[in-house]
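Report on one structure; see the data block that follows.
Letters A, B, ... are given to chains in the order of the sequence lines, protein chains preceding strands, and every chain is numbered from 1. No hydrogens, no waters, no symmetry mates; every other heavy atom, side chains included, goes into these values. Model, not experiment: these values are computed from the prediction.
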Protein chains: 2
Amino acid sequence: MRLSTRSRYGVRLMLALGLYEKKEPVFLKDIAHSEGISEKYLSQIIIPLKARGLVTTFRGAHGGYLLGRPASEITLRDIIEPLEGDMSLVDCVNAPDICGKSTECVTRAVWNEMSSLLIGFMEKITLEDLVKKYKKKKESCNGSTDYTI
Amino acid sequence: MRLSTRSRYGVRLMLALGLYEKKEPVFLKDIAHSEGISEKYLSQIIIPLKARGLVTTFRGAHGGYLLGRPASEITLRDIIEPLEGDMSLVDCVNAPDICGKSTECVTRAVWNEMSSLLIGFMEKITLEDLVKKYKKKKESCNGSTDYTI
DNA sequence: TTTAATTTCTACTAATTTAATAGTATTTAT
DNA sequence: ATAAATACTATTAAATTAGTAGAAATTAAA
């Protein structure tokens with residue numbers, strides 16, 4: 001019942017981009033370095049995020065990435081779902097046909113509730129929330145408002 | 001972010017035992033057969049459940065398994081935790097030392113909240129709840145109150 | 001127009017985890 | 001004794017995860 005590192009890295013990646021909202025595009029290399037994540041791996045992770053419009057990309061020299069829309073309009077679910085795939089805790093929740101007893105299954109009903117709980121939580125949290133929390137913590141630690149990666 | 005089949009099988013196993021509360025011990029063979037799960041696999045799954053006192057075992061001929069305490073005193077968490085191991089969605093939630101930034105990490109705070117949400121949910125659901133729901137469904141489908149496996 | 005820097009695409013791979021299977025040992029009612 | 005059940009230990013095939021590697025495409029700038 002672990003979240004994949006893809007999802008975790010994806011959220012950290014988006015948080016880093018969120019800190020640069022409306023500024024110059026950021027190089028993946030820089031985020032990868034500051035976050036201590038393989039650049040090649042991040043470059044794979046960012047593709048589905050781009051496909052969903054969560055990031056805008058600029059190719060070629062001086063290219064890079066920017067948030068595709070305001071951080072306030074990006075939820076945790078938006079980020080995690082394309083990386084994690086099906087978000088349900090058990091296959092049968094979204095694919096009832098894999099089991100003949102799905103309609104009457106008591107445990108499936110529970111897995112369904114649990115999955116909905118998680119998804120509902122993720123929908124309530126925006127990238128803006130994370131950005132704000134991050135800045136708040138940084139200030140209280142550093143007394144600084146500099147958010148360079 | 002999937003629940004393991006160990007946990008799912010474990011819950012179904014306990015539900016089957018719950019339907020027999022205070023009656024004769026049940027053979028794992030019978031549960032395995034009725035649930036369509038490998039008996040050998042179930043016999044591994046039941047060991048940590050026994051260790052936590054969730055089931056009582058009787059060895060030898062005419063042995064079998066019974067619930068270790070009333071279904072009303074067994075929560076979903078009780079069943080899943082020994083099967084799943086650490087219940088947090090991300091390692092750093094319960095092992096902050098694996099990352100130097102845990103105390104200040106914004107994403108870790110989110111994973112922590114999410115994990116607590118799940119665990120809280122699982123603590124609220126008892127095996128008795130599942131047993132009752134099962135019986136209710138059976139009655140409305142069959143008009144029967146026979147719960148043989 | 002060349003070069004350097006960047007994203008994009010495709011393929012491969014090592015390590016780990018999962019979901020079992022298999023066989024033997026132990027216990028116990030009959 | 002023996003048959004029937006749990007308990008224990010070892011092995012394994014398949015899938016997933018978490019990357020690595022390298023070439024291709026794109027573009028700003030020299």
Side-chain angles (χ1 to χ4, degrees), chain A residues 1-13 17 20 24-33 35-52 54-68 80 83-86 89-91 98 149, chain B residues 1-13 16-17 20 24-33 35-52 54-68 80 82-86 89-92 98-99 149:
Chain A
M1 218 175 40
R2 285 287 193 283
L3 203 65
S4 68
T5 61
R6 273 171 67 85
S7 297
R8 294 190 292 107
Y9 289 176
V11 172
R12 285 164 59 190
L13 168 61
L17 288 177
Y20 283 85
E24 293 265 286
V26 190
F27 302 142
L28 210 51
K29 184 176 54 177
D30 293 336
I31 295 180
H33 185 259
E35 292 289 332
I37 301 170
S38 147
E39 185 190 348
K40 287 288 190 184
Y41 195 28
L42 267 191
S43 78
Q44 287 175 29
I45 290 172
I46 208 169
I47 288 173
L49 300 178
K50 183 197 170 185
R52 299 282 189 116
L54 304 182
V55 299
T56 308
T57 73
F58 301 89
R59 299 189 64 171
H62 302 86
Y65 298 89
L66 276 182
L67 238 44
I80 292 178
L83 297 173
E84 201 72 19
D86 180 0
L89 289 167
V90 172
D91 286 335
I98 62 174
I149 285 192
Chain B
M1 218 176 42
R2 286 287 194 285
L3 203 66
S4 69
T5 60
R6 273 171 65 86
S7 297
R8 294 191 292 107
Y9 288 177
V11 172
R12 284 164 60 190
L13 169 61
L17 288 178
Y20 284 85
E24 293 265 285
V26 189
F27 303 142
L28 210 52
K29 184 176 55 177
D30 293 336
I31 296 179
H33 186 258
E35 293 290 331
I37 301 170
S38 146
E39 184 189 350
K40 286 288 190 183
Y41 195 27
L42 267 190
S43 77
Q44 287 175 31
I45 289 171
I46 208 168
I47 288 174
L49 300 177
K50 183 197 169 185
R52 299 282 189 116
L54 304 181
V55 300
T56 308
T57 74
F58 301 88
R59 299 188 65 170
H62 302 88
Y65 298 90
L66 276 181
L67 238 45
I80 293 177
L83 296 173
E84 201 72 19
D86 181 1
L89 289 167
V90 173
D91 285 335
C92 65
I98 62 175
C99 172
I149 286 193

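- Side-chain atoms of B:Arg59 and base atoms of C:dT28 include no donor and acceptor less than 3.5 Å apart.
- Phosphate contact (OP1/OP2 of C:dT6, side-chain N/O of A:Lys29, threshold under 4.0 Å): present.
- Without hydrogens or angle criteria, B:Glu84 side chain to A:Met1 main chain gives a donor-acceptor distance under 3.5 Å.
- Residues A:Leu17 and A:Ile31 are in side-chain contact: their nearest non-hydrogen atoms beyond the backbone lie under 4.5 Å apart.
- Taking only side-chain nitrogens and oxygens, B:Thr5 never comes nearer than 4.0 Å to OP1 or OP2 of C:dT18.
- Taking both residues in full, the closest heavy atoms of B:Glu24 and B:Leu66 are given as O-CD2, 3.5 Å, listed atom of the first, atom of the second, then distance.
- When rounded to the nearest whole Å, the span between NZ of B:Lys50 and C1' of C:dT27 equals 11 Å.
- The two atoms that bring A:Pro25 and A:Gly63 nearest to each other are CB-O, 3.7 Å, heavy atoms only.
- Between B:Leu28 atom CG and D:dA4 atom P there is a gap of 17 Å when expressed in whole angstrom units.
- Distance, B:Leu66 CG to D:dT6 P: 12 Å, rounded to whole Å.
- The closest side-chain heavy-atom distance from B:Arg6 to B:Pro48 is below 4.5 Å.
- Across the protein-nucleic acid pair, A:Ile31 atom CD1 and C:dT7 atom P stand 9 Å apart, rounded to whole Å.
- Closest approach of A:Ala32 and A:Leu42 over heavy atoms only: CA-CD1, 3.8 Å.
- Rounded to 10 degrees, the angle separating the terminal helix axes of the helix from C:dT1-D:dA30 to C:dT30-D:dA1, each built from five base pairs, is 0°.
- Along DNA chain C, the nucleotide closest to B:Glu39 and the one closest to A:Gly64 are compared, and the more 5′ of them pairs with A:Gly64.
- Rounded to whole angstrom, the span from the CZ atom of A:Phe27 across to the P atom of D:dT27 amounts to 15 Å.
- The phosphate of D:dT16 (OP1 or OP2) has no side-chain N or O of A:Ser4 nearer than 4.0 angstrom.
- Counting heavy atoms from C-beta on, the side chains of B:Asp86 and A:Arg2 come closer than 4.5 Å.
- A:Leu83 and A:Ile45 make their closest contact through CD2-O, 3.4 Å (heavy atoms, listed as atom of the first residue, atom of the second, distance).
- Considering only side-chain atoms of B:Ser38, the nucleotide from C:dT21, D:dA28, D:dA3 that sits closest is C:dT21.
- Atom P of nucleotide C:dA19 and atom CZ of B:Arg2 are separated by 11 Å, given to the nearest angstrom.
- The separation between B:Arg6 atom CZ and C:dT17 atom C1' is 12 Å, rounded to whole Å.
- In this structure, the side chains of B:Leu13 and B:Glu35 stay at 4.5 Å or more apart for every pair of heavy atoms.
- Taking only side-chain atoms of B:His62, from C-beta outward, the nucleotide of C:dT28, D:dT6, C:dT30 with the closest atom is C:dT30.
- Within the 4.5 Å cutoff, no side-chain heavy atoms of B:Leu54 are placed close to those of B:Leu67.
- Of the side-chain N and O atoms in B:Tyr9, none sit less than 4.0 angstrom from OP1 or OP2 of C:dT18.
- Taking the side chain of A:Thr57 as heavy atoms from C-beta on, and the options C:dT7, D:dA7, D:dA3, the nearest nucleotide is C:dT7.
- Of the residues in residues 40-48 of chain A, A:Lys40, A:Tyr41, A:Gln44 come within less than 4.0 Å of DNA chain D through at least one heavy atom, sorted by number.
- Distance CG (A:Leu3) to P (D:dT17): 11 Å, rounded to an integer number of Å.
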